[in-house]
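Just so you know, these numbers use all the heavy atoms, side chains as well, and skip hydrogens, waters and symmetry mates.
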Amino acid sequence: MNFNLKEIVTAFMVLFAVIDIIGNIPIIIDLRKKVGHIQSGKASIIAGLIMIVFLFLGQSLLGLIGLDVNSFAVAGSFILFFIALEMILGITLYKDDENQATITATVFPLAFPLIAGPGSLTTLLSLRAEFYIENIIIAVLLNVLLIFIVLKTSSKIERIIGPNGIQIIRKVFGVILLAIAVKLFAQNIKALFI
């Protein structure tokens, strides 16, 4: 086992920034108003399972279509870059389908794609190119625990932090995510030309 606290903390921070559960509190509150009760535990577990399964099978799926992890990491760095721009500039580059089934709000759109979405799945494979898998799994589990806590206490958090606090958190994590995207791009682009 190659446990490394620095890798766990870095992977945790990257996933936390990409998932942006604090920044999604307004969306979560809006979902609660539309559908009533959201099962926080179920949403957290499903999102965690999706991320861990993709962490293990994502590379095999890439192999089936003839891609290597470095290519995927470079592509992932672009996605992280655009997510960071959305967070920093307060713009929306990616829009979800407006037809949302309210019956399964816990699974869709909350667990997937809001929590375990394209950004977090791409990030997982990008992290796998850099870090040991056990450190990434611990980071995923820590994020799932945090997601559960935030889902359970979202209305209280919104009252405490307030809209300005949420915006500040989004912007700070956006800048961190932007720096990580640049680093990920720089480290993996070299491997494509060697």
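- V182 and V175 fall into different hydrophobic clusters, where Ile, Leu, Val, Met, Phe, Trp and Tyr residues are linked whenever their side-chain heavy atoms come under 4.5 Å apart, directly or through other members.
- Note that CZ of F16 and CD1 of I147 are 9.0 Å apart. Values are rounded to the nearest 0.5 Å.
- By the ring pair (Phe, Tyr, Trp, His ring centres under 6.0 Å) test, F78 is found to be paired with F185, residues two or more places apart in sequence or in another chain being considered.
- For the atom pair CD of E86 and CD1 of I88, the computed distance is 11.0 Å after rounding to the nearest 0.5 Å.
- Hydrophobic side-chain contacts under 4.5 Å tie I45 into a cluster, directly or through other members, with L49.
- The CG atom of N143 sits 5.0 Å away from the CG atom of L15 when rounded to the nearest 0.5 Å.
- Heavy-atom neighbours of K42 NZ from other residues, nucleotides or ligands within 6.0 Å: at or below the threshold of 12.
- Atom CD1 of I166 and atom CD1 of I25 lie 5.0 Å apart (nearest 0.5 Å).
- Both I133 and V9 are part of a single hydrophobic cluster, where members link through side-chain heavy atoms under 4.5 Å apart.
- Between the CG atom of L151 and the CG atom of L146 there is a distance of 9.5 Å, given to the nearest 0.5 Å.
- Side-chain contact of N4 with N135: a donor-acceptor pair under 3.5 Å is absent, judged by distance alone.
- Applying the salt bridge (charged side-chain N to carboxylate O under 4.0 Å, His left out) rule to R170 yields the partners D20; only residues at least two apart in sequence or on another chain are considered.
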